[in-house]
Amino acid sequence: MYNTKEIEEKWIKYWEENQTFKTNLRDFEKPKYYALDMFPYPSGVGLHAGHPEGYTATDIVCRMKRMQGFNVLHPMGFDSFGLPAEQYAIKTGNHPGKFTEENIKTFTDQLKMLGLSYDWDLCISTSDSSYYKWTQWIFKNLYEDGLAKLVEMPVNWCEELGTVLANDEVIDGKSERGGFPVIRKNMKQWVIDIPKYAEKLLNGLEEIDWPESTKEIQRNWIGKSIGASVDFKIEGSSKTFTVFTTRCDTLFGATYCVLSPEHKLVDEITSEEQKEKVQEYKKICASKSELERTSINKEKTGVFTGAFAINPANNKSIPIWISDYVLASYGTGAIMAVPAHDERDYEFAKKFDLEIIPVIEQITGEKRENETSKKSIVAVLYDETKDKYLTLNWGNLGGRLFIGGTIEEGETEEECAIREIGEETGYTDIELITKILPINHHYYAYNKNQAYEIESTGFLFKLKSSKSIDNNLDKEEQNKFKLEWVDKKAIEKEVKDELHFTTFNNVLNPGAYTGNGKMINSEFLNGITNKQEAINKMLTYLEEHKIGKKQVNYKIREWIFARQRYWGEPIPIVHFEDGEMCALKDEDLPLVLPELEDYSPNKDGSSPLNKATSWVNINYNNRPGKLETSTMPGSAGSSWYFLRYIDPHNDKCLADKELLKHWMPVDLYVGGPEHAVGHLLYSRMWNHYLYDKGFVPTEEPFKKLVHQGMILGSNGIKMGKRYPEYSVNPNDIVNKYGADTLRFYEMFMGPLEADKPWNNDGVEGSKKFLDRVWRLYTEEEKISEEENKNLEKIYHQTVKKVTEDYESLNFNTAISAMMIFINAVYKENVFPLKYAENFIKLLNPIAPFITEELWQFLGHDKTISYEAWPTYDKEKIQDDLINVAVQVNGKLRGTMEVPVNTSNEELLRLAKELENVNKHLIDKEIIKEIVVPNKIVNIVIK
RNA sequence: GCAGGCGUGGCGAAAUUGGCAGACGCACUAGACUUAGGAUCUAGCGGAGCAAUCCAUGGGGGUUCAAGUCCCUUCGCCUGCACCA
């Protein structure tokens, strides 16, 4: 209909020549608004269909805010260090910088083509030495504050990529990029001590407006747990080791200890005869890749060291094992094992036949006053041939139960169970299958008028043959119940007794009991039923005896900060010949990457920078040394770029403090959810650090965060190499339909946060609507100085809805409101000029090109970008007449149009007059009448 | 396995505090204008039924005058974590 190409080129040129979107950063008069997009990695293929979505979303908000009088900061830049450019350089021998520069040019043109209102003067690239000077400067500060360190530690090594990777770059034991296997290897590495900031990063989440799911991911990643450290002595040695536990209340149940295979003490304590086995096991573990270690976690493995530890609670001697189910990197790399109350320990103990001591009893029934204590058993007898269980049907004396009885003097639980089975059922050819942990049961015997507390042990026996003896129980007792074999379903339905039912469940799924209960076998803790009370009491005991203390532990590990690659920020550190090192002085930054003949990695896995001998070997402070040759990871430059936009050309500091104070924090940050634990956590950490140093004004950098969803192919599957025929290139869409249509369509597809499949018919529809708007203004000749009362209400409603929806990023419903408005205008003959002008303003943030053109068409000669945003009149939105629904018994029987705020009585009267309502009321008794003013009437009849 | 999210027409989706389910758009159907229409306009469009009416928000149950919305339970899909002591 209209020539999109011509119009769009015209306005791109206009905005550029007039510097329409230049931000005066020092204008502190207007309120500020800082909207940020996650800057892209400038790959060779240019923008994909997903980019415009998030970028349009922030652009809409920015354009509205400008019109509302805000001073808006809306910058764009490039995360330009990274692997593809390096691989290109290896292949072609060209410098990756040139390649990167070309890609940035392509990206910039594409972004401009989309009509995004960035201030391009603020554009930054992380690979620009004037930018990475400050990345290096921050690193230097971290180093001097002891937060960046060179440490020997097990790291994720990827042979294929020839580099170390951070934890968030390893997915299921494979590299995030390329999917190559990753193994654990001890290496000297630069790390950043992000665990030092664990608590601050955790607390900071409380005050920011982020998606709850992302906060939860970060909380999980940080993984705080509160527990205790407990020291264990090694028998016959002066050595000790410490374990971390969240359940120190179960210490009396610790029947063995496990060290991780990498634990320092393993070699020292291993006995002569176990040495060979231990060495072999260690070797197997070391050679396992991360993938094998996690995926083969079904079956527990481990080896006894031959050494014993002393349980500090009861001085019992307990064996020390090693196993890879204990991780070297978490806690102290050693645990106390309480098989009765930890699933993993239970599994391990069962496999290696280690002792299991219960210290917590599951409680069933309700505790009463003056209980009498006794010990008893519950036995479940199973007949495999019939797949049925033996029950005693007591009728109204107690319903369906299993075999139960009280333990007699001098009898073990097992003996009691066998005796009771014999006495009550006569079966003798039975085999013990399972014995479960004791249950603490409370009940009241009405016939004896007595409350009981029993310690009940449950058993599962298998019937080997139906051989039975005539039992010697007296007939009177036996007549009270009937023996019945029933199936599982019947038991689940009919066994009501809590003890018997719980026993049944537990014997079928035997395992550790991890719930709350009553402490037993634990001396000074015995009888306690409150978990926290037991933990506190044990903590006091540990501290009094100086064998342990309260301890907080975090899952988050050090951020591995070095890559053996070329295309990254050089780490500004000099290693002197005597092993000392120092950071470069401020005036020696930036440390610029040298050019190389050959960018391929060295065979020994060392950084390509090693080849630049004249660069590496330097004399610093009159001492000969070598520059560090590892470079920083991709996440370095992106961890602070949002600060640099505020003052991108400053060569005195990372950004002017006064400007930072005015502009931080970022008001709206839009980007994909895939950065939840990488970039978004690292950025927060750097910002917290810079805040602590007094360089930035806020602890948290991103006040509000929103994740845009993925744009899927029309087949509903992620666009990409797999289904190129379903992929969409934004260039093609812009060429065919124009950038306005692309922006409009992507905003209309659905909620910003949702994943949405592409549908080309939808694009056509969006174009049709813009054409319809164009025709309304240029052909219909309805625009007039006259008023039109018919449009008043809908106009004000539209202004309200669009303004609110833009603010809350509900662009799809804002668009729907504008469509409703345009449909209404088409039905009228007069389109008042004021409405026509203001509608153009409402549409401008989504479709900037067509609206600039129509604004000009209406006789204006300047950009629309700074025209005042329309306001609405609340009074005019209110209807005089409204529709009220009338229901009979909750079913819609009619609607009526009544004046607003009609009284309840009147509403009811009118409702009953409605023909269709009346029909349903005839001969019926009204039992209730509900009236919700201005909404609904519901008449309930019988 | 644990945590979080989602499930509404043929499709993308709407639906303040529980208050007329399906707004808006696509596709589809019929009609108008046209030499023509993949343009435009008008009307229809969850299912069943001539209709009154009934049935419908993954399934089952509950709370309520009233449930897409709240509670319990179950199934399916997606995402994150995955031996975290």
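Each chain gets a letter, A, B and so on, in the order the sequences are listed, and its residues count up from 1.
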TODO: Could you tell me whether a side-chain N or O of A:N759 sits under 3.5 Å from a main-chain N or O of A:D761, the two making a donor and an acceptor?
DONE: yes
Task: A:F244 CZ to B:A85 P, straight-line distance once rounded to whole Å - done: 6 Å
Task: Residue A:P751, side-chain atoms from C-beta onward, closest of B:A14, B:G19, B:A85 - done: B:A14
Open item on the list: Checking base pairs now: Watson-Crick or wobble, both atom distances under 3.5 Å. What partners B:G80?
Closed with: B:C2
- [ ] Determine the interatomic distance between P on B:C54 and the same-named atom on B:A66; round to the nearest Å.
- [x] 15 Å
Task: Identity of whatever pairs with B:A23 - Watson-Crick or G-U, under 3.5 angstrom - done: none
- [ ] Please report, rounded to the nearest Å, how far the P atom of B:C26 is from the CH2 atom of A:W758.
- [x] 16 Å
Open item on the list: Strictly below 4.0 Å: does A:S225 bring a side-chain N or O up to OP1 or OP2 of B:A85?
Closed with: yes
Task: Atom P, compared across B:G37 and B:A30: separation rounded to whole Å - done: 13 Å
Open item on the list: OP1 or OP2 of B:G25 versus the side-chain N and O atoms of A:N823: is any pair under 4.0 Å?
Closed with: yes
- [ ] Any chance you could measure A:I926, atom CD1, to A:K912, atom NZ, to the nearest 0.5 Å?
- [x] 4.0 Å
Open item on the list: Over all strands shown, is A:H341 touching base, sugar-phosphate only, or nothing at heavy-atom distances under 4.0 angstrom?
Closed with: nothing
Task: Contact nearer the 5' end of RNA chain B, comparing A:M336 with A:G762 - done: A:G762
TODO: Look at A:R772 and B:G25 and indicate whether a side-chain polar atom (N or O) is within less than 4.0 Å of OP1 or OP2.
DONE: no
Open item on the list: Expressed as a whole number of angstroms, how long is the span from A:L712:CG to B:G12:P?
Closed with: 11 Å
Open item on the list: Using a 4.0 Å heavy-atom cut-off, does A:D345 contact any base of the nucleic acid, only the sugar-phosphate backbone, or nothing at all?
Closed with: nothing
Open item on the list: Just the rounded figure in Å: distance from P of B:A27 to CZ of A:F748.
Closed with: 12 Å
Task: Any A:N812 side-chain nitrogen or oxygen under 4.0 Å from OP1 or OP2 of B:A14 - done: yes
Open item on the list: Taking the C1' atom in each of B:U57 and B:G76, what is the distance between them to the nearest angstrom?
Closed with: 16 Å
TODO: Please state whether the phosphate of B:G19, meaning OP1 or OP2, lies under 4.0 angstrom from any side-chain nitrogen or oxygen of A:N934.
DONE: no
- [ ] Classify the nucleic acid contact of A:S329 as base, sugar-phosphate or nothing, counting any heavy atom under 4.0 Å across all strands shown.
- [x] nothing
Task: Pairing nucleotide - B:C45, Watson-Crick or G-U, each distance under 3.5 Å - done: none
Open item on the list: If you count heavy atoms of other groups shown closer than 6.0 angstrom to NZ of A:K782, is the number above 12?
Closed with: yes
TODO: May I ask you to say what A:R219 touches in the nucleic acid, namely base, sugar-phosphate or nothing, with a heavy-atom cut-off under 4.0 Å?
DONE: nothing
- [ ] Would you mind classifying the nucleic acid contact of A:V940 as base, sugar-phosphate or nothing, using non-hydrogen atoms under 4.0 angstrom?
- [x] sugar-phosphate
Open item on the list: Strictly by Watson-Crick or wobble contacts shorter than 3.5 Å, is anything paired with B:A52, and which nucleotide is it?
Closed with: none
TODO: Please measure how far the C1' atom in B:G46 lies from the corresponding atom in B:G60, and state the result in whole Å.
DONE: 23 Å
TODO: Looking at every strand, decide which applies to A:N916 at a 4.0 Å heavy-atom threshold: base, sugar-phosphate, or nothing.
DONE: sugar-phosphate
Task: Gap in Å between the two P atoms, one belonging to B:G10 and one to B:G58, rounded - done: 13 Å
- [ ] For A:K768 and for A:V677, find the nucleotide of RNA chain B with the closest heavy atom, then tell me which residue's nucleotide is more 5'.
- [x] A:K768
TODO: Name the closest nucleotide to the A:K928 side chain, picking from B:C24, B:C65, B:C83.
DONE: B:C65
Open item on the list: Using the side-chain heavy atoms of A:T245, tell me which of these nucleotides is nearest: B:C54, B:A85, B:C24.
Closed with: B:A85
Open item on the list: Can you confirm whether or not the ring centre of A:Y325 sits under 6.0 Å from the ring centre of A:F348?
Closed with: yes
Task: Side chain of A:I820 (C-beta onward), nearest among B:A85, B:G19, B:A23 - done: B:A23
Task: A:F244 six-ring face occupied by A:K550 cation (under 6.0 Å, within 45°) - done: no
- [ ] Would you indicate what A:Q887 reaches in the nucleic acid, counting non-hydrogen atoms under 4.0 angstrom: base, sugar-phosphate, or nothing?
- [x] base
Open item on the list: Can you check the distance between B:A85 and B:U74, where both ends of the measurement are the P atom (answer in whole Å)?
Closed with: 27 Å
Task: Quiz item: cation-pi between A:R684 and A:W210, 6.0 Å / 45° - done: yes
Task: Closest listed nucleotide, where the reference is the side chain of A:T813 and the choices are B:C83, B:C81, B:A14 - done: B:A14
TODO: Looking only at side-chain atoms of A:R775, point me to the closest of B:G19, B:C41, B:C83.
DONE: B:C41
TODO: Just say parallel, tilted or perpendicular for the rings of A:F811 and A:Y806, cut-offs at 30° and 60°.
DONE: tilted
Open item on the list: Given 3.5 Å as the limit, does a donor-acceptor pair link the side chain of A:K756 with the main chain of A:P751, or not?
Closed with: yes
Task: Nucleotide B:A52, atom P - distance to NZ of A:K891 in whole Å - done: 15 Å
Open item on the list: I need the CG-C1' distance between A:N883 and B:G19, as an integer number of Å.
Closed with: 14 Å
Task: Centroid-centroid under 6.0 Å between A:Y726 and A:W758 rings - done: no
Task: Closest to side chain of A:S816, choosing from B:U53, B:G12, B:A23 - done: B:A23
Task: Which nucleotide in B:C65, B:C20, B:A3 has an atom nearest any side-chain atom of A:N938 - done: B:C65
Task: Strand partner of B:U40, provided both Watson-Crick or wobble distances fall under 3.5 Å - done: B:A32
Open item on the list: Categorize A:K718 for me: base, sugar-phosphate, or nothing, with a 4.0 angstrom heavy-atom threshold over every strand shown.
Closed with: nothing
- [ ] For A:T895, report the nucleic acid contact type (base, sugar-phosphate, nothing); a contact means any heavy atom under 4.0 Å.
- [x] base
Open item on the list: Can you measure A:E53 atom CD to B:G12 atom C1' for me and round it to whole angstrom units?
Closed with: 13 Å
Task: Side-chain donor/acceptor contact of A:K935 with base of B:C20 under 3.5 Å - done: no
Task: Distance-only donor-acceptor test (3.5 Å): side chain A:D761, base B:C26 - done: no
Open item on the list: When the C1' atoms of B:C55 and B:A21 are compared, how many Å lie between them, rounded to an integer?
Closed with: 14 Å
- [ ] Just call it for A:I335: base, sugar-phosphate, or nothing, with non-hydrogen atoms closer than 4.0 Å on any strand.
- [x] base
Task: Between B:A13 and B:U64 - P atom distance, rounded Å - done: 35 Å
Task: From A:T332, A:T242, A:L542, residue fulfilling side-chain contact (heavy atoms from CB on, under 4.5 Å) relative to A:S229 - done: A:T242
Task: Length of the line joining A:L776:CG and B:U40:P, which is rounded to integer Å - done: 15 Å
- [ ] Mind telling me if B:G9 is syn or anti? Syn here is a glycosidic angle within 90° of 0.
- [x] syn
